[in-house]
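Position 1 is the first residue of the sequence; numbering continues from there.
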Amino acid sequence: MDETYYEFGTPADRWDRAKLFFEAKEYVTAARILGGLVEEMPEQVAPRLLLARAYYHAARLTKAEDELREVLERDPVEHYARLMLGRTLERQGRQTEAATHLRLAAALAGEFEPPERTPQGALRP
């Protein structure tokens, strides 16, 4: 495909086109379109999150990690970005680092695990 195809249309047109490619599991093509949108509107979270997801599904894990870290730098309580970063790190074999992000994602989503109790019913420290 010609490079102008990725740049054609308004940002809304390109957003719609990128989502279509993503839904069709054409992750590399979706990423090429989204990359331009992210450069054009770096403050927008949605295109960057979808770009990270496209990279994740295309097994471009370092790029996915970079985009997710950028989202979290702009919005540290973005639950889904935190969850995705944890999953991305897991796929890279970085379990300890992933666990931290996954716990934070769960906490941000309100998924607190109840404290452990001893057999006698007391809470463990």
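For R53, the salt bridge (Lys or Arg N to Asp or Glu O under 4.0 Å) criterion is met by no residue, not counting sequence neighbours. Taking the salt bridge (Lys or Arg N to Asp or Glu O under 4.0 Å) definition, one finds that R69 meets it with E65, E97, sequence neighbours left out.
For the pair R48/P42, a side-chain contact is recorded, criterion being any heavy-atom separation below 4.5 Å from C-beta on. Counting heavy atoms from C-beta outward, R87 and H101 have side chains that stay 4.5 Å or more apart. When side chains are defined from C-beta on, R32 does not count as touching T29, because their heavy atoms never get closer than 4.5 Å. Using a 4.5 Å heavy-atom threshold, the side chains of P47 and R14 count as separate. With contacts defined as side-chain heavy-atom distances shorter than 4.5 Å, the pair L89/L85 qualifies.
Side chain of Q92 to backbone of R94: no donor-acceptor contact under 3.5 angstrom is found. Within the 3.5 Å criterion, the main-chain N or O of T10 finds a donor-acceptor partner in the side chain of D13. Looking only at distances, a side-chain donor or acceptor of R82 sits under 3.5 Å from a matching main-chain atom of P76.
Cluster partners of Y27 are W15, F22, L34, L37, V38, M41, L50, L51, Y55, counting Ile, Leu, Val, Met, Phe, Trp and Tyr whose side-chain heavy atoms approach within less than 4.5 Å, directly or via other members.
For the atom pair CG of L83 and CD of E78, the computed distance is 10.0 Å after rounding to the nearest 0.5 Å. The CD atom of E26 sits 10.5 Å away from atom CD1 of I33, with the distance rounded to the nearest 0.5 Å.
In plain terms, the two heavy atoms of A30 and A18 that are nearest each other are CB-O, 3.6 Å. For the pair A105 and H79, the tightest heavy-atom approach, listed with the atom from each and the gap, is O-CD2, 2.9 Å. The two atoms that bring A64 and A52 nearest to each other are CB-O, 3.5 Å, heavy atoms only.
Residues L102 and L68 are members of one and the same hydrophobic cluster, defined by side-chain heavy-atom contacts under 4.5 angstrom among Ile, Leu, Val, Met, Phe, Trp and Tyr. In terms of hydrophobic clustering, with Ile, Leu, Val, Met, Phe, Trp and Tyr side chains grouped at heavy-atom distances under 4.5 Å, L72 and L104 are assigned to different clusters. Residues F21 and L49 are members of separate hydrophobic clusters, defined by side-chain heavy-atom contacts under 4.5 angstrom among Ile, Leu, Val, Met, Phe, Trp and Tyr.
Remark: R74 engages E70 in a salt bridge, criterion side-chain N to carboxylate O under 4.0 Å.
Both tests pass for R91 against the ring of Y56: distance under 6.0 Å to the centre and angle within 45° of the axis.
Counting heavy-atom neighbours within 6.0 Å of E43 CD, excluding the residue itself, gives a total above 12.
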